[in-house]
Amino acid sequence: MNAIAKGLSDGGVITWRNLMNVRRNPDWLMAATLQPIMFVLLFAYVFGNAIGGDAGGAAYREFLIAGIFAQTVAFNSAFTVIGFANDLQKGIIDRFRSLPMSRLAVVLGRTTSDLVVSVVALIVMSLCGLIVGWRIRGSFADAVLGYLVMLMFAWALSWVGALIGLTARSVEVAQSAGLIWMFPLSFVSSAFVPLDKLPGALRAIAEWNPFTAVINATRELFGNRFGAPQAGWPAEHAALYSVLCCVAIIAIFAPLATARYRRVASK
């Protein structure tokens, strides 16, 4: 077997191992789904009328769901951070180092297993969205593309989480480091409010925020529109820009995370 085939094969084994851990610790899966459900209910029914108006509450709920999707898969990358930090603290990485396996396999297996968790979370969130009135207005093919864009974004962010988890000195530090950078990125975007409602400086940042690109692309593919049409290159080419952002994140952080794992495993 060549190096790539061996890495993929070994990565599949690590993916299965991580999924078995989720099965034995279902509270991880509950944490990945309960929090976004709370966000849907809070924003849809507490802030919905304030942002969308009395007549726009139902339209705002459709607008909201893509933002909740993006926030959910982004926050799920924290499981990558905590998973690596936990394996380092318990000495699991030392055991992997003693096995004749690809160095890429451990990082690839962790990011892939967390991608599966994101798939489950998106299914739960879609059902929750249907309950509060969200509907897919586009075609079936467009809806599939919308979900694929969201999952590509989830996988890209998990590589960022892998680097943070392999750098953190403890699980406690990893828990904070894995989430703190996501809050400004997810809230300074079009996730919860239209860009035209943001002040000038924040609007300029939000327009080029990868979160906004992924959210706008998903809304377009789902056929969920709310507020005035957005102008500017990122908004007019949201699908292309979101894919470029995901590719750039993977291209930067996948080699960094793999190199960091090699340094950690060689100690």
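Here the side chains of Ser126 and Trp134 are in contact, with some heavy-atom distance below 4.5 Å. Side chains of Leu41 and Val132 form a contact here, defined as non-hydrogen atoms less than 4.5 Å apart. Side-chain contact check for Ser186 versus Phe75: some heavy-atom pair is nearer than 4.5 Å. No side-chain heavy atom of Met125 sits under 4.5 Å from any side-chain heavy atom of Met150. With contacts defined as side-chain heavy-atom distances shorter than 4.5 Å, the pair Glu207/Trp233 does not qualify. Between Lys90 and Asn86 the shortest side-chain heavy-atom distance falls below 4.5 Å. For the pair Arg61/Val40, no side-chain contact is recorded, criterion being any heavy-atom separation below 4.5 Å from C-beta on. Residues Leu64 and Phe39 are not in side-chain contact: their nearest non-hydrogen atoms beyond the backbone lie 4.5 Å or more apart.
Separation of atoms OG (Ser118) and CG (Leu157) is listed at 9.0 Å; rounding is to 0.5 Å. Summarising the geometry, atom CD belonging to Glu236 is positioned 14.0 Å from atom OH belonging to Tyr241; distances are rounded to the nearest 0.5 Å. Interatomic distance, Ile131 CD1 to Ile37 CD1, rounded to the nearest 0.5 Å: 8.0 Å. Atom CG of Leu108 sits about 6.0 Å away from atom OG1 of Thr15, to the nearest 0.5 Å. The structure places CD1 of Ile205 at 13.5 Å from CH2 of Trp208, a figure rounded to the nearest 0.5 Å. Interatomic distance, Cys245 SG to Leu240 CG, rounded to the nearest 0.5 Å: 9.5 Å.
Between the side chain of Asn209 and the backbone N or O of Leu185 there is at least one donor-acceptor pair closer than 3.5 Å. Although no hydrogens or angles enter the test, the distance criterion places a donor-acceptor pair under 3.5 Å between the side chain of Asn224 and the main chain of Arg135. Of the possible polar contacts, none joining the Ser190 side chain to the Leu195 backbone as a donor-acceptor pair under 3.5 Å is found. For Thr212 (side chain) and Ala206 (main-chain N/O), a donor-acceptor pair under 3.5 Å exists by modelled atom type. Side chain of Ser158 to backbone of Trp155: a donor-acceptor contact under 3.5 angstrom is found. With Thr112 contributing its side chain and Gly109 its backbone, the two residues share no donor-acceptor pair below 3.5 Å. Within the 3.5 Å criterion, the main-chain N or O of Gly138 finds no donor-acceptor partner in the side chain of Asp142.
If you check the side chains of Tyr147 and Thr218, you find no donor sitting under 3.5 Å from an acceptor.
In terms of heavy atoms, Ile252 sits closest to Leu256 at O-CG, 3.2 Å. The nearest pair of heavy atoms linking Leu88 to Gly165 is CD1-O, 3.8 Å. The two residues Met182 and Ala78 make their nearest non-hydrogen contact at CE-N, 4.1 Å. The heavy-atom pair separating Val81 from Gly161 by the smallest distance is CG2-O, 3.2 Å. Scanning all heavy atoms of the two residues, the minimum distance from Pro36 to Ile68 falls at O-CG2, 3.9 Å. In this structure, Thr72 and Ala121 approach most closely via the heavy-atom pair CG2-CB, 3.9 Å.
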Check your understanding: When you look at Arg95 and Asp87, which way does the salt bridge (charged side-chain N to carboxylate O under 4.0 Å, His left out) test go after all the steps?
Key -> CA-CA 10 Å; Arg95 297 181 185 179; Asp87 285 346; over 6 Å; no

Practice item. Output, in order, the C-alpha distance, side-chain angles, deciding distance and verdict of side chain to side chain contact (heavy atoms under 4.5 Å, CB included) for Trp159 and Val107. Key: CA-CA 8 Å; Trp159 287 100; Val107 187; 3.1 Å; yes

Practice item. For side-chain hydrogen bond (donor to acceptor under 3.5 Å, both in side chains), just list the numbers for Thr80 and Asp114, CA-CA rounded to whole Å, side-chain angles, deciding distance to a tenth of an Å, and then say yes or no. Key: CA-CA 7 Å; Thr80 309; Asp114 291 334; 2.5 Å; yes

Check your understanding: What do the steps show when you test Phe96 against Tyr261 for side chain to side chain contact (heavy atoms under 4.5 Å, CB included), and what is the final call?
Key -> CA-CA 11 Å; Phe96 288 153; Tyr261 173 78; 3.8 Å; yes

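When the side chains of ILVMFWY residues are joined at heavy-atom separations under 4.5 Å, either directly or via intervening members, Val247 and Val73 end up in two distinct hydrophobic clusters. Linking Ile, Leu, Val, Met, Phe, Trp and Tyr whenever their side-chain heavy atoms come within less than 4.5 Å puts Phe183 and Phe192 in one cluster. Two different hydrophobic clusters hold Val116 and Val149 under the rule that ILVMFWY side chains link at heavy-atom gaps under 4.5 Å. Cluster annotation: Ile65 is not connected to Met38 through the hydrophobic network of ILVMFWY side chains, with a link wherever side-chain heavy atoms come within less than 4.5 Å. Residues Ile164 and Ile92 are members of one and the same hydrophobic cluster, defined by side-chain heavy-atom contacts under 4.5 angstrom among Ile, Leu, Val, Met, Phe, Trp and Tyr.
You'll find the ring centres of Phe63 and Phe222 outside the 6.0 Å limit. Under the 6.0 Å cut-off for aromatic ring centres, Phe153 and Phe211 qualify, their centroids lying closer than that.
No salt bridge links Asp196 with Arg203; every basic N to acidic carboxylate O contact stays at or beyond 4.0 Å. For the pair Arg219 and Glu62, the salt-bridge criterion is not met [side-chain N within less than 4.0 Å of a carboxylate O].
Within a 6.0 Å radius of CH2 in Trp181, other residues, nucleotides and ligands contribute more than 12 heavy atoms.
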